[in-house]
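Below, chains carry the letters A, B, ... as their sequence lines are ordered, and counting in each starts from 1.
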Protein chains: 2
Amino acid sequence: MGETPDTSTDAPNSQNREIVCYCPLGGVMDILSRRYAMQVICVVGAIGPARYSEIEDAFGGVSSSTLSTRLDELVEAGYLSREQYAEIPPRVEYDLTASGEQLCQRLDPILEWAEEQEAGRVPGEDGT
Amino acid sequence: MGETPDTSTDAPNSQNREIVCYCPLGGVMDILSRRYAMQVICVVGAIGPARYSEIEDAFGGVSSSTLSTRLDELVEAGYLSREQYAEIPPRVEYDLTASGEQLCQRLDPILEWAEEQEAGRVPGEDGT
DNA sequence: GTTCGATACTTCGGACTTGACAGTATAAAC
DNA sequence: GTTTATACTGTCAAGTCCGAAGTATCGAAC
């Protein structure tokens with residue numbers, strides 16, 4: 001994609017342009033668009049069965065309330081599984097479900113790319 | 001990041017687990033985690049140079065203030081270009097930059113997968 | 001027997017983000 | 001003079017996120 005697919009005539013726009021509707025994406029994308037959602041999937045994918053505190057540590061300073069909410073949503077949506085052991089102190093392990101792994105595979109390229117972008121960025125260059 | 005490395009007896013996992021830090025992803029992921037951000041990239045990637053109203057139409061009922069903010073951020077971040085023509089009524093065209101296209105390539109698999117998930121979902125099946 | 005420690009969360013008030021809807025600017029068409 | 005078209009901006013209410021502090025459990029320490 002990317003090479004102006006159907007502009008064979010000289011008009012630069014407004015030919016029989018197909019408008020694709022992105023509305024039905026709602027469900028999944030709404031979940032992924034919440035803060036840390038994509039990173040949580042990839043963190044759990046990276047370190048296998050992951051305990052709450054391990055996930056928390058993988059981020060710099062995420063608030064526990066936000067992380068907890070995110071984990072709940074991801075479990076509810078079927079991308080993560082949650083296993084609680086009857087031990088003291090308590091132990092809870094999160095892991096990817098089959099859906100979660102499919103998602104993680106598609107998410108990883110983005111996270112890797114994001115990492116490269118951040119690494120190659122010279123501080124103070126983009127004029128924030 | 002430190003964890004007890006000698007719990008090999010009571011825990012079924014916890015080898016020399018490497019904790020990867022996901023903090024530096026901040027910049028890019030924060031932008032992508034805002035509402036409609038990923039979809040906007042893919043919509044513009046799909047319909048080439050895209051006018052504001054075309055992007056608006058591709059979504060069901062996005063609010064204009066949110067979409068406008070999102071476009072500004074994406075332009076500011078260097079993923080979209082914005083060209084304004086001195087015409088009446090006004091015409092503005094958004095397109096992917098080189099960075100934007102790289103991002104779009106990595107985003108497309110997710111959007112496609114999300115579409116499949118939504119399509120194959122039977123209402124009331126996921127056990128709430 | 002009282003305090004301490006460990007883990008995985010909740011709860012709280014305030015800050016930030018989003019949504020709905022109305023309004024702005026311009027010039028041609030009627 | 002009024003209408004039409006586009007690409008936004010403004011305003012206010014509702015929703016979401018944040019950090020800090022608190023909760024629950026039970027064994028171990030004192």
Q: Decide yes or no, distance alone: a donor-acceptor N/O pair under 3.5 angstrom between the base of C:dT10 and the side-chain of A:Ser64.
A: yes
Counting only side-chain nitrogens and oxygens, does [X] get under 4.0 Å of the OP1 or OP2 atom of [N]?
X	N	answer
B:Arg70	C:dT18	yes
B:Arg51	D:dA7	yes
B:Arg91	C:dT26	no
A:Tyr36	D:dC18	yes
B:Ser63	C:dG19	yes
A:Thr69	D:dC17	no
A:Arg35	D:dC18	yes

Looking at every strand, decide which applies to [X] at a 4.0 Å heavy-atom threshold: base, sugar-phosphate, or nothing.
X	value
B:Tyr85	nothing
B:Ser53	sugar-phosphate
A:Ser65	base

In whole angstrom, what separates [X]'s [atom1] from [N]'s [atom2]?
X	N	atom1	atom2	result
B:Glu93	D:dC8	CD	P	12 Å
B:Met29	D:dC17	CE	P	15 Å
B:Gln39	C:dT18	CD	C1'	14 Å
A:Leu67	D:dA20	CG	P	16 Å
A:Asp30	C:dT17	CG	P	18 Å
A:Glu56	D:dA20	CD	P	13 Å
A:Glu87	D:dA28	CD	P	14 Å
A:Gln84	C:dA6	CD	P	20 Å

Q: Start with the C-alpha distance between A:Val92 and A:Arg51, add both sets of side-chain angles, then the distance that settles side-chain contact (heavy atoms from CB on, under 4.5 Å), and finish with yes or no.
A: CA-CA 6 Å; A:Val92 175; A:Arg51 301 184 62 168; over 6 Å; no
Q) Of the nucleotides D:dA7, C:dC9, D:dC26, which one has an atom closest to the side chain of A:Ile88? A) D:dC26
Q.
Given C:dC9, C:dT18, C:dA6, identify the nucleotide with an atom nearest to the side chain of A:Ser68.
A. C:dC9
Q. Taking only residues at least two apart or on different chains, which pairs with a member in residues 35-49 of chain B satisfy salt bridge (Lys or Arg N to Asp or Glu O under 4.0 Å)?
A. A:Asp30-B:Arg35
Q: Evaluate the side-chain proximity of A:Leu111 to B:Met29: yes if any heavy-atom separation is below 4.5 Å, no if none is.
A: yes
Q: Please figure out whether A:Pro90 or B:Leu71 has its closest DNA chain D nucleotide nearer the 5' end.
A: B:Leu71
**Q.** Under 3.5 Å: donor-acceptor pair, side chain of A:Arg106, backbone of A:Gln102
**A.** yes
Q.
Are B:Tyr52 and B:Tyr94 an aromatic pair, judged by ring center distance below 6.0 Å?
A. no
Q: Just do the side-chain contact (heavy atoms from CB on, under 4.5 Å) check on B:Ile110 and A:Ile110 with the steps written out, would you?
A: CA-CA 10 Å; B:Ile110 294 177; A:Ile110 294 177; 3.3 Å; yes
